[in-house]
There are 2 protein chains.
Amino acid sequence: MQITLKDIARMADVAESTVSRALNDKPGVGRETKLKILKIAKENNYRPNQLARGLAAKKTNMLAVIMAEMDSPGNIEIVKSIEKAAEKQGYQIILCNTNNQEEKEKSYLSLLESNQVDGAIFIGGKLVGSHLLRASFSQENAIVLVNRLAEENFFTSVLTDYSQGIYKAVEHLVEQGFKKISLVCGDKGDLIEEEKIDGYKSALTEAGLEVNDDLIFSTSVDRQAGYDVFLEIIEGDVIPDAFISTRELTTIGLVEAIKMGGYFIPDDFAVVGYGDNILTSVIDPPLTVLSEPVEKLGEDSLNFLLKLIKEELDSQQIKVLTPELIIRESSISKYN
Amino acid sequence: MQITLKDIARMADVAESTVSRALNDKPGVGRETKLKILKIAKENNYRPNQLARGLAAKKTNMLAVIMAEMDSPGNIEIVKSIEKAAEKQGYQIILCNTNNQEEKEKSYLSLLESNQVDGAIFIGGKLVGSHLLRASFSQENAIVLVNRLAEENFFTSVLTDYSQGIYKAVEHLVEQGFKKISLVCGDKGDLIEEEKIDGYKSALTEAGLEVNDDLIFSTSVDRQAGYDVFLEIIEGDVIPDAFISTRELTTIGLVEAIKMGGYFIPDDFAVVGYGDNILTSVIDPPLTVLSEPVEKLGEDSLNFLLKLIKEELDSQQIKVLTPELIIRESSISKYN
DNA sequence: TCAATTTACGCAAGCGCTTGCGAAACCTTG
DNA sequence: CAAGGTTTCGCAAGCGCTTGCGTAAATTGA
């Protein structure tokens with residue numbers, strides 16, 4: 001059996017409450033007593049039962065990071081940044097992977113609802129499910145969204161400004177002389193994707209280029225999808241000369257398909273990808289990418305969350321961060 | 001405030017114990033009563049407090065997966081496989097990333113020690129720290145190690161047979177006519193690394209080739225290390241004609257350095273990498289790799305863990321899985 | 001030196017749940 | 001219809017901790 005507070009109390013010949021206070025560094029226990037208790041606790045390798053502690057204290061000092069995809073190196077970077085920031089503040093992070101399944105998201109949400117964690121950060125995922133909304137309504141639950149739009153500005157969130165990012169990408173491609181720029185994004189209807197499309201369209205318009213809806217492609221989020229969409233595209237009526245591909249894995253698939261088809265990047269097709277990480281940097285040719293401020297996304301979301309927990313945040317806040325365009329070979333026109 | 005068992009009991013006009021039994025599908029509650037309780041619980045969107053539940057029941061149906069590196073796509077695959085298997089058995093998985101810091105490992109271990117999870121799987125990491133040993137001794141804690149060797153066969157583990165894998169790789173390279181095969185691995189002294197070296201040496205000996213310790217390089221686990229080690233190697237006395245690089249990220253760095261140096265793979269240097277995943281498949285040229293049975297590693301480790309929890313496992317078991325050599329361009333000699 | 005504070009500590013309730021045990025209510029049989 | 005067996009349910013203890021409150025002891029000040 002585990003050693004408990006009670007055991008320590010008995011050994012030190014004091015009350016449980018005193019042990020508790022000593023261990024938690026709370027006032028009301030004399031220097032001598034405290035030292036004695038600490039010593040005994042250490043000698044016996046005492047580990048407080050966090051369940052009991054959480055139950056009694058109504059907080060656990062643990063935060064959940066619930067992410068939709070852990071295949072994405074970008075997300076991993078965000079997580080690491082959150083972890084780093086959390087450590088400084090004395091919070092422990094536990095990770096949950098939903099694999100884009102709403103069911104799992106619900107299930108992990110119960111960590112919050114049942115007080116196992118003091119707050120949760122959601123990275124990615126679609127819109128906002130009713131379960132999430134309810135959770136955040138019904139209790140005063142601390143929830144922060146990262147790169148995930150809510151229909152109402154209901155959640156505190158930190159977002160990448162996709163629209164702005166895509167705008168920059170288009171601008172760059174236009175400068176390079178590309179005329180038929182295709183956008184490969186996720187499901188239309190998804191708010192984040194709509195935003196990308198907005199940026200795309202307005203940049204084209206600004207540049208005096210025609211917007212052709214047939215050049216906008218929706219795919220699912222994986223590698224295969226990127227591969228498949230290219231096959232579909234080259235069978236199509238309008239063949240683009242450049243791609244802006246807005247998700248990491250999809251971009252990889254797309255590039256593979258292009259090369260597999262015997263085409264060259266950027267000679268036959270320019271490519272602007274997403275996410276400045278090991279994947280996109282390793283691929284041949286080096287990819288021009290929109291780089292998310294992953295570090296900042298993590299930091300800011302954690303800070304928001306802590307403020308929510310401490311109830312220092314008056315209203316829902318939304319922070320928007322702009323991605324950076326990192327120009328490499330894959331988008332440099334041979335005519336330049 | 002949260003709605004509690006007590007509230008439901010009051011509403012249904014029964015005792016708390018009855019509600020508890022109804023909700024947990026335990027015998028001893030009549031059909032009618034049960035239905036009524038379930039209905040009321042649902043209507044009120046009742047969520048049991050898992051802390052309280054865990055405290056009282058001494059189990060939580062949650063398992064922790066504690067991994068040393070979450071940058072590694074291979075590890076991610078293992079995690080996903082664990083998750084899949086766990087879901088079937090009704091367990092929830094929470095992930096913990098230690099970033100190779102022993103401190104963090106200790107800290108996450110407290111999840112186990114304080115009963116927040118019923119068991120833990122450790123993926124990777126070095127040897128076995130005293131904290132881990134103590135934890136597994138002092139309580140009847142359920143711990144399974146994946147790809148991590150213990151000095152004594154104390155832990156139940158599932159391992160990749162690195163020795164065997166490297167052996168195959170050497171064999172293959174020898175067949176291709178390479179003579180000066182270099183091994184890039186981790187810290188000597190680390191049991192897993194020693195095992196790799198064993199496989200390497202015995203394969204060379206078997207092939208009648210001389211073993212040269214100067215061709216064995218130890219690096220840390222990241223990408224930069226792979227890059228740096230190549231620079232070091234080409235300054236050295238003996239220049240190899242082939243590399244076996246045994247960690248994912250390091251391999252990436254190594255390949256980059258080779259290309260950066262103006263050399264060609266496999267013409268100047270053959271490369272056998274590690275891990276059949278998106279990273280190694282995307283790189284140019286396609287890499288010959290030792291492929292871990294990630295799926296199986298995950299499944300088996302979870303099954304072991306569940307058996308440990310249910311105390312169906314009599315003694316520490318060790319399962320060894322053999323990696324497969326997937327031959328691609330990077331190791332095919334031009335002389336063939 | 002004695003009242004007035006302050007400090008150190010113990011008591012006990014309570015966090016929300018589970019579970020062993022016993023009592024009542026129900027069903028079997030012969 | 002009574003004796004015995006089942007079910008269904010409530011009681012109450014307890015999981016290991018925190019925390020408000022009360023009291024005794026130590027400290028202060030004049």
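Bear in mind that the values here come from a model prediction, so they are computed numbers and not experimental data.
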Go through the structure and list residues passing side-chain hydrogen bond (donor to acceptor under 3.5 Å, both in side chains) with K296(A), not counting sequence neighbours. D300(A)
Ignoring the backbone of R21(A), work out which of dG10(D), dG20(D), dC15(D) is nearest its side chain. dG20(D)
Write down the distance between CD1 (I3(A)) and P (dC15(D)), rounded to a whole number of angstrom. 15 Å
Flag, side chain of N147(B) to backbone of T160(B), donor-acceptor distance under 3.5 Å: yes
Side chain to side chain contact (heavy atoms under 4.5 Å, CB included) with T18(B): which residues, sequence neighbours excluded? V14(B), A15(B), V29(B), T33(B), I37(B)
What's the shortest heavy-atom distance between L321(B) and L297(B), and which atoms? CD1-CD2, 3.7 Å
Under 4.0 Å from OP1 or OP2 of dG16(D): is there any side-chain N or O of R53(A) that close? no
Pairing residues for D222(A) by the side chain to side chain contact (heavy atoms under 4.5 Å, CB included) criterion, not counting sequence neighbours: S220(A), Q224(A), A225(A)
Who passes side chain to side chain contact (heavy atoms under 4.5 Å, CB included) against V294(A), sequence neighbours left out? E77(A), I78(A), E292(A)
Once you round it to whole Å, what is the distance between C1' of dA13(D) and NZ of K6(A)? 11 Å
Determine whether a donor-acceptor pair (N or O, by modelled atom type, separation under 3.5 Å) exists between the side chain of S157(B) and the backbone of L145(B). no
Taking atom P of dC15(D) as reference, at what distance in whole Å does atom CD of Q50(A) sit? 18 Å
Given the rule in the side-chain contact (heavy atoms from CB on, under 4.5 Å) test, do L23(A) and L5(A) qualify, once you have shown the distances and angles that lead to the verdict? CA-CA 10 Å; L23(A) 258 29; L5(A) 234 207; 4.3 Å; yes
Grab the N/O contacts between the protein and nucleotides 24-28 of chain D below 3.5 Å, and write none if there aren't any.
none

Residues at least two apart in sequence or cross-chain that pass salt bridge (Lys or Arg N to Asp or Glu O under 4.0 Å) with K26(A), listed by chain then number, are none
What residues form a side chain to side chain contact (heavy atoms under 4.5 Å, CB included) with A120(B), not counting sequence neighbours? A64(B), I66(B), L112(B), F122(B)
Using a heavy-atom cut-off of 4.0 Å across all strands, would you classify G30(A) as base, sugar-phosphate, or nothing? sugar-phosphate
Find the distance L55(A):CG to dT18(D):C1' and express it as a whole number of Å. 10 Å
Could you identify which residues of residues 33-42 of chain A place a heavy atom less than 4.0 Å from some atom of DNA chain C, listed by residue number, or say none? T33(A)
Five pairs per end, C1' atoms only: what is the angle between the end axes of the helix from dT1(C)-dA30(D) to dG30(C)-dC1(D), to 10 degrees? 30°
If the cut-off is 4.0 Å, is K58(A) near the phosphate of dG16(C), judged by side-chain N/O to OP1 or OP2? yes
Specify the closest pair of heavy atoms between N115(B) and T60(B), including all atoms of both residues, with the distance to one decimal. O-CG2, 3.3 Å
Have a look at P48(B) and say if it touches a base, only the backbone sugar-phosphate, or nothing, with a 4.0 Å heavy-atom cut-off. sugar-phosphate
Does dT18(D) have its OP1 or OP2 closer than 4.0 Å to a side-chain nitrogen or oxygen of N24(A)? yes
What is the separation between atom CG on D7(B) and atom C1' on dC15(C), rounded to the nearest whole Å? 13 Å
Taking all non-hydrogen atoms of both residues into account, name the closest pair between P48(B) and S114(A) and its distance. O-CB, 3.3 Å
Reported NZ-to-CZ distance for the pair K34(A) and R21(A), which is rounded to 0.5 angstrom: 12.0 Å
Can you list everything that forms a salt bridge (Lys or Arg N to Asp or Glu O under 4.0 Å) with R148(B)? Sequence neighbours excluded, please. E105(B)
Nearest-Å distance for atom pair CD1/C1', residues I8(A) and dT18(D): 16 Å
Nearest-angstrom distance from the residue atom CG of L51(B) to C1' of dG14(C): 15 Å
Near DNA chain D, which residues from residues 11-20 of chain A have a heavy atom under 4.0 Å away? E16(A), S17(A), S20(A)
Please name all residues satisfying salt bridge (Lys or Arg N to Asp or Glu O under 4.0 Å) with D187(A), sequence neighbours left out, ordered by chain then number. K126(A)
Please tell me which of K26(A) and A52(A) maps to the more 5' nucleotide of DNA chain D, matching each residue to the nucleotide holding its nearest heavy atom. A52(A)
Distance in angstrom units between R10(B) CZ and dG10(D) P, rounded: 14 Å
